[in-house]
Number of protein chains: 2
Amino acid sequence: MNSSKNSSNDHRLICTVDIVLLTLREGQLQVMLLKRDREPFDGALALPGGYVHTDEDQGCEDAAQRVLLQKAGLQSPYLEQLASFSGPARDPRGWSVSVAYFALVAAPEHGQPGQHWLPVDRLPQLPFDHGRIVAMAVERVRNKSQYSSLPVYLCTEPFTLPELHAIYAALLGEAINPVSFRRKMDELGMLEPVPGAKRADGAHRPAQLYRLKDEYRRTLRLVGRGLNA
Amino acid sequence: MNSSKNSSNDHRLICTVDIVLLTLREGQLQVMLLKRDREPFDGALALPGGYVHTDEDQGCEDAAQRVLLQKAGLQSPYLEQLASFSGPARDPRGWSVSVAYFALVAAPEHGQPGQHWLPVDRLPQLPFDHGRIVAMAVERVRNKSQYSSLPVYLCTEPFTLPELHAIYAALLGEAINPVSFRRKMDELGMLEPVPGAKRADGAHRPAQLYRLKDEYRRTLRLVGRGLNA
DNA sequence: TAAATAGTGTCTCTTAGACAATATGGC
DNA sequence: GCCATATTGTCTAAGAGACACTATTTA
């Protein structure tokens, strides 16, 4: 049965990667969108993405890194697979699978030309199913922020504890007890003070600068019991 | 540049789904494997899987449900997307993407013919990258069991609290304080006692039987602060 | 030295775990 | 009634939040 479908070519389909590149600026989680320069949806703002190149990529994550470098000029920020999205209708070119990733970076000083950073809570309608993809990425990031060190990847090193505290609070959308916050960061043992370095930022006591310990630079740390926000 | 690759056919590739079907029997998490009846790896034990059928599936999840029905005779147990696995070498047929799902079922009375249930902690070498896929599924399930109602999908309804307690303990691999466990289940408000129904199981007080409230039948509940095991 | 934020000490409150007491069915 | 496990009550301990206090800088 079904012999007419059994050539393996019948099972080949379009496979792309899409990147939800997130940062925090002005206290808001923002996503990077690019203006598309080809059909479909030529001219629309959309997630950076592209085809998987089977001749060079060793996996979809390679494709994601490639897209990130080419389209955002970024080398290896925090990158995590989000989920795959698939179906006959999400891409007008036909039945497709997109393996979506999300990446976190510290707010870039100068965006590259053509990059548009938009607050994730006030996005226009996006092409394909990019709206859903962004929504899932945001949910994942907010959720993980409750019980992990994920938000450090939104900071430029070195950073102060008050700065990191503000980032957690912005992500979670609520105040976090500063005493508990310090206790937790202390327990995690992931940060080390930069000797003698402080950040003065007004007419008051300057804050100690911290950096990630090397051994935690590429690893998430989990907070016992979460931040209990 | 690259104009030689720009026909969309160059970007089509093999896409499959694989299912990690898990259950708990004899206090162990076990995974269902099938003996493959074709190349590659003809005759080897492997995860049930199959090609995505672009002519009938509305998405990879449809394909997963289809595979689950055809190969395990199961209709819609708990099913969740795990992750996608891809690369040039994982499948000898060429560069491929597999969207992996995991599913939970109560221990089936009589396995279907050809099904092999093996404890996840003592698996032989598996073909493709199925070993890695199973490992990730197990990690996900154990992790989610710490702070959600996921394990109820491993129970046959109705069940008693001591039964559910034993399932959590087996999954997490450690004792759980029974008083805290009851408190948590109570707070979740997800279970309701089946009026008058008890399960007698020896020369002692029988236990109250519970069932999932309808509104929670397809939803995970999250435990505040987890089970703190 | 006043103002302002950084950072610490400590008390309180919530919640998890320990343990003891009670309940109930089979024998 | 005895045994074994179910179920509940209550005390204790650990950890989170509140709040007050000290530290350190600029103006």
Side-chain angles (χ1 to χ4, degrees), chain A residues 27 145-149 155 157-211 221-229, chain B residues 27 145-149 155 158-170 172-211 221-229:
Chain A
S145 297
Q146 292 177 349
Y147 61 86
S148 83
S149 59
C155 272
E157 283 187 82
F159 47 81
T160 68
L161 281 184
E163 280 163 6
L164 188 57
H165 178 252
I167 284 179
Y168 269 91
L171 280 175
L172 301 180
E174 54 193 316
I176 295 175
N177 184 302
V179 180
S180 300
F181 182 76
R182 278 168 182 279
R183 264 196 299 241
K184 284 290 185 189
M185 288 302 133
D186 203 42
E187 285 165 19
L188 280 189
M190 178 182 58
L191 306 178
E192 60 187 3
V194 183
K198 318 237 164 174
R199 174 163 299 160
D201 156 298
H204 55 266
R205 175 172 176 178
Q208 175 64 51
L209 286 164
Y210 290 84
R211 63 177 166 232
R221 291 282 281 165
L222 302 183
V223 184
R225 298 198 183 186
L227 280 156
N228 271 101
Chain B
S145 297
Q146 292 177 347
Y147 61 87
S148 83
S149 60
C155 272
F159 46 82
T160 67
L161 282 184
E163 279 163 6
L164 188 57
H165 177 252
I167 284 180
Y168 270 91
L172 301 180
E174 53 193 316
I176 295 175
N177 183 305
V179 180
S180 299
F181 182 76
R182 277 167 182 279
R183 264 195 299 242
K184 283 291 183 188
M185 288 302 134
D186 203 42
E187 284 164 21
L188 281 189
M190 177 183 60
L191 305 178
E192 60 186 4
V194 182
K198 317 236 166 175
R199 173 163 301 160
D201 159 293
H204 56 266
R205 177 172 175 179
Q208 174 65 52
L209 285 165
Y210 290 84
R211 63 178 165 229
R221 293 280 282 164
L222 302 183
V223 184
R225 300 199 183 184
L227 281 156
N228 270 101

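Keep in mind it's a predicted model, so treat the numbers as computed, not measured. In what follows, every heavy atom counts, from backbone to side chain, and hydrogens, waters and symmetry copies are set aside. Letters A, B, ... are given to chains in the order of the sequence lines, protein chains preceding strands, and every chain is numbered from 1.
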*Asks:* Under the side-chain hydrogen bond (donor to acceptor under 3.5 Å, both in side chains) rule, collect the residues that match up with Arg182(B), sequence neighbours excluded.
*Replies:*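 With sequence neighbours excluded, Arg182(B) shows a side-chain hydrogen bond (donor to acceptor under 3.5 Å, both in side chains) to no residue whatsoever.
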*Asks:* Between atom CE in Met185(A) and atom C1' in dT8(C), what is the gap in whole Å?
*Replies:*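 These atoms are roughly 18 Å apart.
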*Asks:* Who passes side chain to side chain contact (heavy atoms under 4.5 Å, CB included) against Asn177(A), sequence neighbours left out?
*Replies:*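 Partners of Asn177(A) by the side chain to side chain contact (heavy atoms under 4.5 Å, CB included) criterion, ordered by chain and then number, come out as Val179(A), Ser180(A).
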*Asks:* How long is the line joining OH of Tyr168(B) and C1' of dG17(C), in whole Å?
*Replies:*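 Spelled out: OH on Tyr168(B) to C1' on dG17(C) is 18 Å.
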*Asks:* Looking at residues 192-211 of chain B, who's got a heavy atom less than 4.0 Å off DNA chain D?
*Replies:*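 Going residue by residue through residues 192-211 of chain B, the ones with a heavy atom under 4.0 Å of DNA chain D turn out to be Ala203(B), His204(B), Arg205(B), Pro206(B), Ala207(B), Gln208(B).
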*Asks:* Can you list every pair that meets side-chain hydrogen bond (donor to acceptor under 3.5 Å, both in side chains) and has a residue in residues 193-209 of chain B, with sequence neighbours left out?
*Replies:*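 Found Glu163(B)-Arg199(B).
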*Asks:* For the pair made of CG in Asn177(B) and C1' in dA20(C), what is the distance, rounded to whole Å?
*Replies:*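 Taking atom C1' of dA20(C) as the reference, CG of Asn177(B) is at 13 Å.
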*Asks:* Specify the separation, in whole Å, of atom CZ of Arg183(A) and atom C1' of dG9(C).
*Replies:*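 Rounding to the nearest Å, CZ of Arg183(A) and C1' of dG9(C) are 10 Å apart.
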*Asks:* Between Thr160(A) and Glu187(B), which is nearer to the 5' end of DNA chain C once each is assigned its nearest nucleotide?
*Replies:*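 Final value for this comparison: Thr160(A).
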*Asks:* Measure the distance from CZ on Arg182(B) to C1' on dG17(C) and round it to the nearest whole Å.
*Replies:*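 In whole Å, dG17(C) C1' and Arg182(B) CZ are 15 Å from each other.
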*Asks:* Taking NE2 from His165(B) and P from dG17(C), how many angstroms apart are they, rounded to a whole number?
*Replies:*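 In whole Å, dG17(C) P lies 10 Å from His165(B) NE2.
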*Asks:* In terms of the angle between their ring planes, are Phe181(A) and His165(A) parallel, tilted or perpendicular, with boundaries placed at 30° and 60°?
*Replies:*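 Perpendicular: the ring planes of Phe181(A) and His165(A) meet at over 60°.
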*Asks:* Please step through side-chain contact (heavy atoms from CB on, under 4.5 Å) for the pair Tyr168(B) and Lys184(B), ending with a clear verdict.
*Replies:* CA-CA 12 Å; Tyr168(B) 270 91; Lys184(B) 283 291 183 188; over 6 Å; no
*Asks:* Take atom CD1 of Ile176(B) and atom P of dT15(C), then tell me their distance rounded to the nearest Å.
*Replies:*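 These atoms are roughly 19 Å apart.
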*Asks:* I'd like to check the salt bridge (charged side-chain N to carboxylate O under 4.0 Å, His left out) partners of Glu187(A); sequence neighbours left out, ordered by chain and number.
*Replies:*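 Glu187(A): no salt bridge (charged side-chain N to carboxylate O under 4.0 Å, His left out) contacts found.
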*Asks:* Choosing from dG17(D), dA6(C), dC19(D), which nucleotide comes nearest the side chain of Pro162(A)?
*Replies:*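 Output: dA6(C).
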*Asks:* By nearest atom, which of the nucleotides dA16(C), dT7(D), dC19(C) is closest to the Leu161(B) side chain?
*Replies:*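 Shortest atom-to-atom distance from the side chain points to dT7(D).
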*Asks:* Residues in side chain to side chain contact (heavy atoms under 4.5 Å, CB included) with Ala207(B), at least two apart?
*Replies:*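 Ala207(B) satisfies side chain to side chain contact (heavy atoms under 4.5 Å, CB included) with Thr160(B), Pro162(B) only.
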*Asks:* Could you tell me the separation between the CD atom of Glu163(A) and the C1' atom of dT5(C), rounded to a whole number of Å?
*Replies:*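 Whole-Å distance recorded here is 13 Å.
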